[in-house]
Amino acid sequence: TTLKTVVNAIPDMIIRIGEDKVFRSFEGNVADLYRPVSEYLGKTINQVVPSDTAQKFSNTIKKAFATGQVQFLEYSLTINDRIQYFESRMTVCSRDELMAIIRNVTKERETEQKLHRYKSQLEQQVVVHRSDLSVAESKYRDIFDHSGAPAIIIEQDHTIFRANEKFEELVGYRRDKIENLMKWPEFVHPQDREMVVRYHFARRSGSGFAPAEYECRILDKG
């Protein structure tokens, strides 16, 4: 009696099934059964379980008896218009009988599905965001490249990351010889370099004074 009380308190359902696939007993959490217990006892799997699920059970039972090893089965049933997910472990317990320990894992599966949907939504948002950034970057690059004034983008170490057509014309170098290869102070007159370097670091560090605009002399290739 004590053992039966313990068994009935666990979250699993324990079913004894004959090698002939007839249901012999039910214990534990029988509230998740597809039908009332009375409609299972003495009936075969094919008589009371939907055909696709019955076939899965039959194949698993056959394999359990053939190998003598624990078999694992996942399946789902629609109960009260809601899909319920189950996990079952089957082990042979006598010459002609096996025990199936079945757990309802619907909450876990629904949580996994929600997380998957949430992940998919996030991934889609990232794709859209990247697309928007790509469009914005393309527009900015087009404006930068065709600006009527010489323009460059400078890295922390003074390396010129990008230069436009007007800067090419100003210094006499092609962009493929400038970008990521040459440094901004190389194009500045020696007497103005110390000022340019000081303003460059002041702007990036936030310390010191750096005017929004300043004048310096530029050296060209000639």
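This chain uses plain numbering: 1 for the first residue, then up along the sequence.
- L98 places none of its side-chain heavy atoms less than 4.5 Å from the side chain of T91.
- Proximity of W184 to H200: side-chain heavy atoms (C-beta onward) are nowhere separated by under 4.5 Å.
- A salt bridge links R24 to D96: at least one charged side-chain nitrogen sits closer than 4.0 Å to a carboxylate oxygen.
- Counting heavy atoms from C-beta on, the side chains of I102 and I15 come closer than 4.5 Å.
- Side-chain contact check for E108 and T111: no donor-acceptor pair (N or O, by modelled atom type) lies under 3.5 Å.
- Nearest heavy atoms, D145 versus R175: OD1-NH1, 3.4 Å.
- When all heavy atoms of Q113 and Y85 are compared, the pair lying nearest together is NE2-OH, 3.1 Å.
- For F167, the ring-ring contact (aromatic ring centres under 6.0 Å, His included) test picks out F187, with sequence neighbours left out.
- Between Q125 and E123 there is no side-chain heavy-atom pair separated by less than 4.5 Å.
- In this model, a donor atom of one side chain and an acceptor atom of the other lie less than 3.5 Å apart for T106 and Q84.
- Within the 4.5 Å cutoff, the side chain of E179 has no heavy atoms near those of the F161 side chain.
- Applying the side-chain hydrogen bond (donor to acceptor under 3.5 Å, both in side chains) test to every pair with at least one member in residues 49-58, sequence neighbours left out, gives these pairs: Q55-N59.
- Listed for the N80 side chain is no donor-acceptor partner under 3.5 Å among the backbone atoms of R82.
- For the pair R103 and F86, the minimum side-chain heavy-atom distance is 4.5 Å or more.
- Using a 4.5 Å heavy-atom cutoff, the side chains of N29 and D12 are not in contact.
- R203 and P211 get closest at one heavy-atom pair: NH2-O, 2.6 Å.
- Tested against L170 for a side-chain contact (heavy atoms from CB on, under 4.5 Å), the candidates N164, I152, I218 yield a single pass: I218.
- A distance-only check finds no donor-acceptor pair linking the side chain of D192 to the backbone of C216 [under 3.5 Å].
- Within the 3.5 Å criterion, the main-chain N or O of P185 finds a donor-acceptor partner in the side chain of R193.
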